[in-house]
Number of protein chains: 2
Amino acid sequence: MKVNKELLKGSTVILVLSLLDRAPMYGYQMIKEIEKKSGGVFKFKEGTLYPILHSLEANGMIESYWLGNEGSRQRKYYRITDKGNHCLKEKQQEWETFRSAVDKILTGRLIYGYKTE
Amino acid sequence: MKVNKELLKGSTVILVLSLLDRAPMYGYQMIKEIEKKSGGVFKFKEGTLYPILHSLEANGMIESYWLGNEGSRQRKYYRITDKGNHCLKEKQQEWETFRSAVDKILTGRLIYGYKTE
DNA sequence: TATCTATGCATAGTTAATCTAGGTATTAAT
DNA sequence: ATTAATACCTAGATTAACTATGCATAGATA
């Protein structure tokens with residue numbers, strides 16, 4: 001990770017659902033995709049992604065199916081469900097709220113008075 | 001919190017340092033200030049803020065001093081140090097990187113192919 | 001004057017998201 | 001044949017923020 005990894009907390013699910021909202025993918029592919037799209041900023045660990053996928057599937061946000069590439073290796077693809085799509089929309093709104101709130105504080109002006117010893 | 005509290009992780013320190021970069025403040029004041037500036041999105045708990053302040057002080061990012069309001073109650077003010085200011089600049093850059101990377105994924109286009117069963 | 005609310009600092013223990021570190025197996029390249 | 005990349009998985013450790021307290025002062029209100 002190029003950034004403080006704690007920053008990522010709370011953002012992983014929206015990143016995963018965003019990817020799957022555009023196309024079904026398998027886990028390993030998502031790791032590469034996220035790294036590529038983020039310009040190398042996010043490098044998901046397998047120990048991070050796979051438990052998230054399993055949890056999202058258990059909650060009905062995504063569905064999985066095995067698919068082989070013309071007789072070659074089997075890959076476990078995930079696609080987003082209607083419920084997951086609804087959840088994604090909520091999280092997109094949440095992200096906008098969060099980002100805006102942080103920026104307000106980073107760029108904000110002083111409200112209360114100034115006091116020093 | 002109006003947003004998933006996990007989103008906040010990794011962002012607390014930059015928020016605190018940003019406030020102190022504009023004026024010294026005491027803890028309770030910072031809680032109110034952050035709530036006000038964020039439009040009510042962030043409501044820091046005391047159990048969140050005070051340990052952060054103590055940790056930042058232990059690391060030389062901020063300094064504290066007690067100050068009374070004309071003979072009234074004593075308040076513990078914090079001001080940012082040079083080291084803290086340097087840290088803040090790094091974290092501002094980190095925030096930009098992070099925010100931009102998330103937005104790239106949320107709005108990004110498909111890179112690999114599309115596959116379904 | 002008694003009580004309630006807001007202010008103000010502090011911390012021990014809990015929770016939960018991510019990482020570490022390991023495992024297994026297939027495929028492609030050297 | 002060996003190595004690197006691909007591809008899945010999970011138990012346990014880490015750690016940041018929260019919960020739930022405690023204590024104390026100041027101001028308002030009845």
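Protein chains get the first letters and strands the later ones, always in sequence-line order, with residue 1 at the start of each. Because the structure is a prediction, the values reported are computed rather than measured.
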Practice task
Go through the structure and list residues passing side-chain hydrogen bond (donor to acceptor under 3.5 Å, both in side chains) with B:E96, not counting sequence neighbours.
Solution key: B:R99

Problem - Contacts of type side-chain hydrogen bond (donor to acceptor under 3.5 Å, both in side chains), residue B:N59, not counting sequence neighbours - result: none

Please produce a list of atom pairs where a protein N or O lies less than 3.5 Å from an N or O of nucleotides 24-26 of chain C.
{"from": "C:dT26", "atom 1": "O4'", "to": "A:R73", "atom 2": "NH2", "distance (Å)": "3.2"}
{"from": "C:dT26", "atom 1": "N1", "to": "A:R73", "atom 2": "NH2", "distance (Å)": "3.2"}
{"from": "C:dT26", "atom 1": "O2", "to": "A:R73", "atom 2": "NH2", "distance (Å)": "2.2"}

Completion exercise
Here the distance between atom C1' of D:dT25 and atom CH2 of B:W66, to the nearest Å, is 12 Å

Fill in the blank from the handout: Against the side chain of B:Y28, the closest entry in C:dA10, C:dA6, D:dT10 is C:dA6

Tell me which donor-acceptor pairs under 3.5 Å the side chains of residues 7-18 of chain A have, and how far apart each pair is, sequence neighbours excluded?
{"from": "A:K9", "atom 1": "NZ", "to": "A:E6", "atom 2": "OE1", "distance (Å)": "3.4"}
{"from": "A:S11", "atom 1": "OG", "to": "A:L8", "atom 2": "O", "distance (Å)": "3.4"}
{"from": "A:S18", "atom 1": "OG", "to": "A:I14", "atom 2": "O", "distance (Å)": "2.9"}

Problem - Between P of C:dC9 and NZ of B:K45, the distance in whole Å - result: 18 Å

Practice task
Return yes if some donor-acceptor pair links the side-chain N/O of A:T97 with the main-chain N/O of A:Q93 below 3.5 Å, else return no.
Solution key: yes

Practice task
Could you tell me the separation between the OH atom of B:Y26 and the P atom of D:dT25, rounded to a whole number of Å?
Solution key: 17 Å

Problem - Gap between atoms OH and C1', on B:Y50 and D:dA20 respectively (whole Å) - result: 16 Å

Practice task
Determine which pairs satisfy salt bridge (charged side-chain N to carboxylate O under 4.0 Å, His left out) with at least one residue from residues 41-67 of chain B, sequence neighbours left out, and list them in order.
Solution key: B:E35-B:K43, B:E63-B:R79

Exercise for the section: Report yes if a side-chain nitrogen or oxygen of B:K76 is closer than 4.0 Å to either non-bridging phosphate oxygen (OP1 or OP2) of C:dA10; otherwise report no. Expected result: yes

Completion exercise
Whole-Å distance, B:N4 CG to C:dT15 P, equals 18 Å

Exercise for the section: Could I get the full list of side-chain contact (heavy atoms from CB on, under 4.5 Å) partners for A:H54, not counting sequence neighbours? Expected result: A:Y50, A:Y78

Handout entry: Main-chain N/O of B:K76 paired with B:S64 side-chain donor or acceptor, under 3.5 Å
Key = no

Exercise for the section: Run the numbers on B:D103 and A:W95 for side-chain contact (heavy atoms from CB on, under 4.5 Å), then give the verdict. Expected result: CA-CA 10 Å; B:D103 283 336; A:W95 165 252; 3.0 Å; yes

Exercise for the section: Name every residue in residues 54-62 of chain A that has at least one heavy atom under 4.0 Å from any atom of DNA chain C, in order of residue number, or write none if there are no such residues. Expected result: none

Exercise for the section: Just jot down the side-chain hydrogen bond (donor to acceptor under 3.5 Å, both in side chains) partners of B:K89, sequence neighbours excluded, or say none. Expected result: B:N85

Practice task
Please confirm whether any donor atom in the side chain of A:E46 sits under 3.5 Å from an acceptor in the base of D:dC9, or the reverse.
Solution key: yes

Expected rows: protein N/O vs nucleotides 13-17 of chain D N/O, under 3.5 Å:
{"from": "D:dA16", "atom 1": "N3", "to": "B:K9", "atom 2": "NZ", "distance (Å)": "3.4"}
{"from": "D:dA17", "atom 1": "OP1", "to": "B:G10", "atom 2": "N", "distance (Å)": "3.0"}
{"from": "D:dA17", "atom 1": "OP1", "to": "B:T12", "atom 2": "OG1", "distance (Å)": "2.9"}
{"from": "D:dA17", "atom 1": "OP2", "to": "B:T12", "atom 2": "OG1", "distance (Å)": "3.1"}

Exercise for the section: Would you please confirm or rule out a distance under 4.0 Å between OP1 or OP2 of D:dT6 and any side-chain N or O of A:K32? Expected result: yes

Exercise for the section: Please list all pairs passing the ring pair (Phe, Tyr, Trp, His ring centres under 6.0 Å) test where one or both residues lie in residues 3-23 of chain B, with sequence neighbours left out. Expected result: none

Exercise for the section: Nearest 0.5 Å please: distance from the CG atom of B:L88 over to the CG atom of B:D21. Expected result: 5.0 Å

Handout entry: Atom pair distance, as rounded to whole Å: CG in B:L7 and P in C:dA16
Key = 16 Å

Problem - Summary of ring pair (Phe, Tyr, Trp, His ring centres under 6.0 Å) pairs that have at least one residue in residues 6-42 of chain A, sequence neighbours excluded - result: A:Y26-A:Y77, A:F42-B:F98

Practice task
Rounded off to whole Å, could you give me the OH-to-P distance for the A:Y65 and D:dC8 pair?
Solution key: 12 Å

Exercise for the section: Measure from NZ on A:K43 to C1' on D:dA5 and round the result to the nearest Å. Expected result: 15 Å

